[in-house]
Asks: 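First the structure, then my questions, so here it is.
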Amino acid sequence: MISTSLSHIADVLGGRLIARRGDTGDTVVSGLVDTDSRLIEPGGIFVAKPGETTDGHLFVGTAVERGAALAIVERELDDDVSQIVVPDVVTALSDLARDVVDRVRAGGELKIVGITGSNGKTTTKNLLARILADEGETVSPRASFNNEVGAPLTMLRVTDATRFLVSEFGASAPGAIAHLAGLVTPDIGVVLMVGMAHAGGFGGIESTFHAKSELVKATREGGLAVLNADDPRVAAMEPIARERGQGVRWFGRGERAEVRAVDVEVSASGTRADLLVDGQAYTLTLRVLGEHHVMNALAALAAATALGVPAADAIARLETVEIAERWRMQPLGSERVRIINDAYNASPDSMAAALRTLAQITGPGERTVAVLGAMSELGEYADEEHDRVGLLAVRLRIQRIVVIGPEARRMYLEAIAQGSWDGEAVFFADADAAFDYLSTELRDGDRVLVKSSNSAGLRHLGDRLGDLFA
């Protein structure tokens, strides 16, 4: 965080300063801000966030031992560290992030890109950050830091030398993106797609559309909206952008897109695409597995070139990226048995994309194996969408379908109903039972997809299989 006095932080947060260790209101802090006491470094600021299973106030002592210079708390503690007492530490985190970004932005160099979408946010964020890193200091989220805690923590990492802040915005509820994007008012807002992810929490896909459009509404007047020309719901956000005096830059596969993939070839080693960027032809060889990641690359290219990065340079940097993120289409195992661990997150759209990728990268004499768990946050749509995945796996002629967990059982039942009744589809109650089966069932030439929502925990099964067949 940029250098800030304790009194200024207290004023911004509307909190009560308790100065200790000889500190005064004029004492300056500049360390990293975190809610995890284990990550605090000397001079850092610890935010004692209450959690579902524990309370950050219990770990202030640990943060002090690690060198914390300040604790932001909801009640005064006996720990020997200066404290700012606030009514709500999560609200305080947002207030502090807004203030820090505003002060850095006042220097005139910082450009901010916000990214949202039902799928692809983290991959696009990583691709764009890779492009921009060679242009100047770039701050982007660790993993999927895109909620009311993770997004402000990322914002607080900006310094006076930061040229680019890439923020990823998730939507836990209507209004969440408006709040998070409103903290920084992005110069560029990127909307990837509107799909069924989290539809249960929003009451349907139209409500999801309104939630994702909050980013366009929060992007600064006269800024730029980078929109998916192939998604009619995203394309319908154009009038919102125009009303705010924003430019619109399109990406996609269709002729409307200024950043366009005109031909795509998928293989086990990556994806090759012929591109047109503002009418100029280029070739992209993306190491990240999956045709769907071409769209994420196009979105990153559209934003980067709008920021002045030459297209050829941006493409060359994209080609150095080997994986999108751990547990996202991550190749494991060996050429003998290839494991694709994509079990950090799942929605109907990403599940379908991953299954299609599995079918596309499996060659003659090789066998497709899909290890599938539940998709979360679908609400009333859960049964129907799990049925669709089971049907798609059969239609793609996946040769072995392994379904894990009671919440995912409908995938198995639908696969059976659609014709996988001769042992192609099997069901296990938990990952340990599935591992025992797969450790003896998998054979040379198998290409194995492990796919589920994070809550199903199959990412750890994917790691175990990767180690077993390394």
Side-chain angles (χ1 to χ4, degrees), residues 1-51 53-105 107 110 129 137-162 165-168 180 183-184:
M1 191 181 77
I2 59 175
S3 297
T4 309
S5 70
L6 295 181
S7 60
H8 180 84
I9 297 174
D11 288 344
V12 168
L13 305 187
R16 177 168 58 94
L17 172 62
I18 303 166
R20 293 186 178 158
R21 292 179 170 178
D23 290 344
T24 69
D26 293 331
T27 299
V28 171
V29 293
S30 59
L32 293 177
V33 183
D34 216 301
T35 58
D36 188 335
S37 62
R38 298 167 297 182
L39 300 179
I40 293 296
E41 299 176 356
I45 300 171
F46 177 60
V47 181
K49 183 180 75 70
T53 58
T54 188
D55 185 347
H57 292 78
L58 300 175
F59 300 95
V60 171
T62 301
V64 174
E65 291 173 0
R66 295 187 61 85
L70 174 67
I72 299 174
V73 296
E74 293 180 359
R75 60 181 183 272
E76 182 177 350
L77 302 173
D78 293 333
D79 299 274
D80 185 23
V81 64
S82 291
Q83 302 164 38
I84 296 176
V85 183
V86 297
D88 186 306
V89 298
V90 175
T91 299
L93 193 61
S94 289
D95 291 341
L96 184 58
R98 180 189 291 110
D99 175 73
V100 166
V101 172
D102 282 348
R103 286 190 288 144
V104 172
R105 200 177 210 167
L110 181 64
E137 182 177 299
T138 300
V139 171
S140 64
R142 302 195 305 262
S144 294
F145 271 35
N146 61 23
N147 62 12
E148 62 180 356
V149 174
L153 286 177
T154 299
M155 297 167 190
L156 286 165
R157 288 169 43 214
V158 301
T159 70
D160 290 323
T162 303
L165 169 62
V166 181
S167 286
E168 175 185 343
L180 294 175
L183 299 178
V184 294

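Owing to the predicted nature of the structure, the values given are computational and were not obtained by experimental measurement. Basis for what follows: all heavy atoms, side chains included, without hydrogens, waters or symmetry-related copies.
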Asks: Can you confirm whether V86 sits close enough to V73 that some side-chain heavy atom of one is under 4.5 Å from a side-chain heavy atom of the other?
Replies: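 Side-chain contact under 4.5 Å: no.
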Asks: Show the numbers, then the answer: is there a side-chain contact (heavy atoms from CB on, under 4.5 Å) between I9 and V29?
Replies: CA-CA 10 Å; I9 297 174; V29 293; 3.7 Å; yes
Asks: Could you tell me which residues satisfy side chain to side chain contact (heavy atoms under 4.5 Å, CB included) with D80, sequence neighbours excluded, listed by chain and number?
Replies: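 Per chain and number, D80 pairs via side chain to side chain contact (heavy atoms under 4.5 Å, CB included) with R20, R21.
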Asks: Roughly how far apart are L165 CG and S140 OG, rounded to 0.5 Å?
Replies: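 So the CG of L165 and the OG of S140 are separated by 8.5 Å.
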Asks: Between S7 and G25 (side chain of the first, backbone of the second, donor and acceptor by atom type, cut-off under 3.5 Å), is there such a pair?
Replies: yes
Asks: Taking the side chain as everything from C-beta on, heavy atoms only, tell me whether R103 gets closer than 4.5 Å to H8.
Replies: yes
Asks: For a quick test of reading the model, state the closest non-hydrogen atom pair linking P152 to L180 and the distance between them.
Replies: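 That would be CD-CD2, 4.3 Å.
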Asks: Do the side chains of L156 and L93 get nearer than 4.5 Å, heavy atoms only?
Replies: yes
Asks: Quick one: do E74 and V85 satisfy side-chain contact (heavy atoms from CB on, under 4.5 Å)? Show the steps, please.
Replies: CA-CA 5 Å; E74 293 180 359; V85 183; 5.8 Å; no
Asks: Using modelled atom types only, decide if a donor and an acceptor are shared between the side chain of Q83 and the backbone of A19 within a distance under 3.5 Å.
Replies: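 It does not hold such a pair.
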Asks: Do the non-hydrogen side-chain atoms of L96 and M1 ever get within less than 4.5 Å of each other?
Replies: yes
Asks: Give the intermediate values and the outcome of side-chain contact (heavy atoms from CB on, under 4.5 Å) for residues V166 and T138.
Replies: CA-CA 7 Å; V166 181; T138 300; 4.2 Å; yes
Asks: From D102 CG over to L110 CG, what is the distance, rounded to the nearest 0.5 angstrom?
Replies: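 Between D102 CG and L110 CG, I get 10.0 Å after rounding to 0.5 Å.
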Asks: Could you give me the CA-CA distance, side-chain angles and deciding distance for E148 and S94, then say whether side chain to side chain donor-acceptor pair (under 3.5 Å) is met?
Replies: CA-CA 8 Å; E148 62 180 356; S94 289; over 6 Å; no
Asks: Give the minimum heavy-atom separation between A68 and V81, together with the two atoms involved.
Replies: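 What the structure gives for the nearest pair is O-CG2, 3.7 Å.
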Asks: Looking at V28, is its backbone amide N or carbonyl O close enough to the side chain of S30 to form a donor-acceptor pair, meaning the two atoms are under 3.5 Å apart?
Replies: no
Asks: For the atom pair CG (D11) and CG (D99), what is the distance rounded to the nearest 0.5 Å?
Replies: 10.0 Å
Asks: Please enumerate all residues that pass side chain to side chain contact (heavy atoms under 4.5 Å, CB included) together with D36, with sequence neighbours excluded.
Replies: D34, R38, L39
Asks: Taking side chain to side chain contact (heavy atoms under 4.5 Å, CB included) as the test, write out the residues that go with R157, two or more places apart.
Replies: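 Checked R157 against side chain to side chain contact (heavy atoms under 4.5 Å, CB included); matches are L32, V139, R142, T154.
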Asks: Looking at side-chain heavy atoms only, is the closest gap between P42 and R66 below 4.5 Å?
Replies: no
Asks: So, the side chain of R105 versus the backbone of V100: is there a donor-acceptor pair under 3.5 Å, distance only?
Replies: no
Asks: With side chain to side chain donor-acceptor pair (under 3.5 Å) as the test, would you mind laying out the steps for D23 and S82 before giving the verdict?
Replies: CA-CA 7 Å; D23 290 344; S82 291; 2.7 Å; yes
Asks: Work out which heavy atom in E168 is nearest to a heavy atom in A151; give both atom names and the distance.
Replies: O-CB, 4.4 Å
Asks: If every non-hydrogen atom of T4 is compared with every non-hydrogen atom of I2, which pair is closest and at what distance?
Replies: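 Closest pair (atom of T4, atom of I2, distance): OG1-O, 2.9 Å.
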Asks: Please tell me if the side chains of D55 and P50 come closer than 4.5 Å, counting only heavy atoms from C-beta onward.
Replies: yes
Asks: Tell me, do V33 and F46 make a side-chain contact under 4.5 Å, heavy atoms counted?
Replies: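 Sidechains of F46 and V33: no contact.
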Asks: What distance do T35 atom OG1 and I45 atom CD1 have between them, rounded to the nearest 0.5 Å?
Replies: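 One finds 13.0 Å between OG1 of T35 and CD1 of I45.
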Asks: Mind listing the closest non-hydrogen atom pair of V89 and I72 along with its distance?
Replies: CG1-O, 3.7 Å
Asks: Flag the pair T159 / V104 as yes when at least one side-chain heavy-atom distance between them is below 4.5 Å, and no otherwise.
Replies: no
Asks: May I ask you to say whether R98 pairs ionically with D95, meaning some side-chain N is under 4.0 Å from a carboxylate O?
Replies: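 Salt bridge present between R98 and D95.
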Asks: Before giving the answer on side-chain contact (heavy atoms from CB on, under 4.5 Å), spell out for R16 and E76 the whole-Å C-alpha distance, their side-chain angles and the decisive distance to 0.1 Å.
Replies: CA-CA 9 Å; R16 177 168 58 94; E76 182 177 350; 3.6 Å; yes
